[in-house]
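Note sheet for the following structure.
Because the structure is a prediction, the values reported are computed rather than measured.
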Amino acid sequence: MEVEVEARLTAEGDEHEEEELTAQSALLAIEEAWLNEKFAPEILPHQSDLVDCMLQQIAHMEVNVKRLEKGDIRLMIHRMELDRIKFVISCYLRARLEKIELYTIHILSQEASRSPEECYLTAAELQYAKEFLSGMETLFRTIALQHMPGNFQAFEVNKVMVKPNMNAHVFLRANTRVSGIMLPGSMDEEIDLEPGSQHIIQYSAVADLVKNGTVQLI
């Protein structure tokens with residue numbers, strides 16, 4: 001059963017069909033966003049609109065589940081679907097937080113160069129990254145003052161910055177046809193991607209394609 005099962009509790013006719021499509025499309029999109037975030041070495045542009053949409057869907061489903069009687073077989077089905085949606089959202093957000101904690105300085109540096117319309121982090125993620133960095137600096141200074149000689153006590157951002165490996169290889173599926181992808185490290189070797197074809201390639205060659213949805217990491 002999919003999210004549209006829940007939509008049947010409150011919608012009918014054309015309105016019902018539109019709700020089905022919207023809910024199911026959003027769920028599919030957030031699942032794809034999770035896989036991209038999981039397998040991409042860098043943090044990707046946030047999909048907060050999708051997350052908000054699915055959180056609203058969860059709230060809607062939970063209200064309707066409460067209306068069902070305990071013996072109704074639909075109760076278990078809807079609860080299983082709710083658990084699946086919550087799991088996907090949780091995994092997506094956790095993958096982003098893990099990257100923020102690992103690449104804090106690099107991510108903040110990159111984010112500072114972007115306009116508000118181009119930012120990769122949500123306002124909450126940006127605040128978390130700044131607080132996490134502040135905590136790192138405090139911890140470093142505490143340890144340095146106690147155990148390190150004076151010339152090593154300065155917290156130098158550039159020396160502790162960890163960057164994602166953009167040359168890591170990823171496994172992908174092409175959603176549309178793409179021509180002329182230049183392979184990193186080659187002088188003039190190019191490949192074409194056909195819809196549905198699967199490839200292993202360095203992430204740097206397809207980073208923009210991942211972000212615009214042309215390819216899907218798997």
Side-chain angles (χ1 to χ4, degrees), residues 26-54 87-137 140 155-186 189-193 197-218:
L27 178 57
L28 177 61
I30 197 65
E31 288 176 340
E32 292 176 346
W34 165 38
L35 293 177
N36 280 340
E37 198 67 66
K38 178 180 179 180
F39 296 121
E42 65 171 337
I43 195 165
L44 301 175
H46 66 81
Q47 301 293 331
S48 56
D49 289 344
L50 285 175
V51 173
D52 290 343
C53 177
M54 295 315 301
F87 173 78
V88 172
I89 294 175
S90 176
C91 288
Y92 171 70
L93 296 177
R94 187 183 302 116
R96 293 182 61 80
L97 285 180
E98 288 174 352
K99 289 181 181 179
I100 290 173
E101 293 179 357
L102 182 59
Y103 307 123
T104 312
I105 299 172
H106 173 75
I107 288 174
L108 286 175
S109 174
Q110 294 291 309
E111 198 73 353
S113 66
R114 300 186 179 107
S115 67
E117 295 76 20
E118 298 172 332
C119 62
Y120 281 20
L121 304 183
T122 65
E125 287 173 337
L126 180 60
Q127 181 64 28
Y128 178 79
K130 291 178 178 179
E131 292 176 354
F132 188 82
L133 178 58
S134 177
M136 287 175 56
E137 293 175 340
F140 179 86
F155 184 81
E156 299 182 40
V157 171
N158 292 334
K159 291 186 178 180
V160 297
M161 181 186 296
V162 180
K163 297 181 179 180
N165 181 11
M166 299 294 284
N167 291 322
H169 284 75
V170 294
F171 190 29
L172 63 85
R173 180 182 63 250
N175 293 326
T176 60
R177 191 177 193 281
V178 186
S179 301
I181 296 180
M182 182 68 70
L183 296 180
S186 63
E189 186 178 358
E190 297 182 352
I191 63 171
D192 298 332
L193 307 183
S197 61
Q198 299 181 2
H199 307 265
I200 297 178
I201 191 171
Q202 283 181 284
Y203 177 76
S204 58
V206 296
D208 291 338
L209 301 181
V210 172
K211 293 167 189 173
N212 65 25
T214 302
V215 302
Q216 171 68 46
L217 299 186
I218 55 179

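- Shown here for Glu42 and Tyr203, the closest heavy-atom pair between the two residues is OE2-OH, 2.7 Å.
- Proximity of Lys211 to Leu44: side-chain heavy atoms (C-beta onward) are separated by under 4.5 Å at one or more points.
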Counting only pairs under 3.5 Å, give me each side-chain donor-acceptor contact of residues 47-54, with atom names and distances, residues two or more places apart or in other chains.
unit_1	atom_1	unit_2	atom_2	d
Ser48	OG	His46	ND1	3.0

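- Side-chain contact annotation: His199 with Ser197, donor-acceptor N/O pair under 3.5 Å present.
- Using modelled atom types, one side-chain atom of Glu111 and one backbone atom of Leu121 make a donor-acceptor pair closer than 3.5 Å.
- Leu217 approaches Leu172 most closely through the heavy-atom pair CD2-CB, 4.0 Å.
- For the salt bridge (charged side-chain N to carboxylate O under 4.0 Å, His left out) condition, the pairs that include at least one residue of residues 95-109, sequence neighbours left out, are Glu37-Arg96, Glu37-Lys99, Arg96-Glu125.
- Between Val162 and Leu102, the shortest heavy-atom distance links the atoms CB-O, 3.7 Å.
- In terms of heavy-atom proximity, Val170 sits nearest to Pro41 at CG1-CD, 4.4 Å.
- With hydrogens and angles ignored, the 3.5 Å screen pairs no side-chain donor or acceptor of Asn36 with any backbone N or O of Gln216.
- Within the 3.5 Å criterion, the main-chain N or O of Phe171 finds no donor-acceptor partner in the side chain of Gln198.
- Residues Ser204 and Asn167 have side chains that bring a donor and an acceptor to within less than 3.5 angstrom of each other.
- Of all the heavy atoms in Pro45 and Tyr92, the pair that sits closest is O-OH, 4.2 Å.
- Each of Ile105, Thr104, Leu97, Ile100 was checked for a side chain to side chain contact (heavy atoms under 4.5 Å, CB included) with Phe132, and the lone residue meeting it is Thr104.
- Nearest heavy-atom pair across Leu193 and Ala174 is CB-CB, 3.9 Å.
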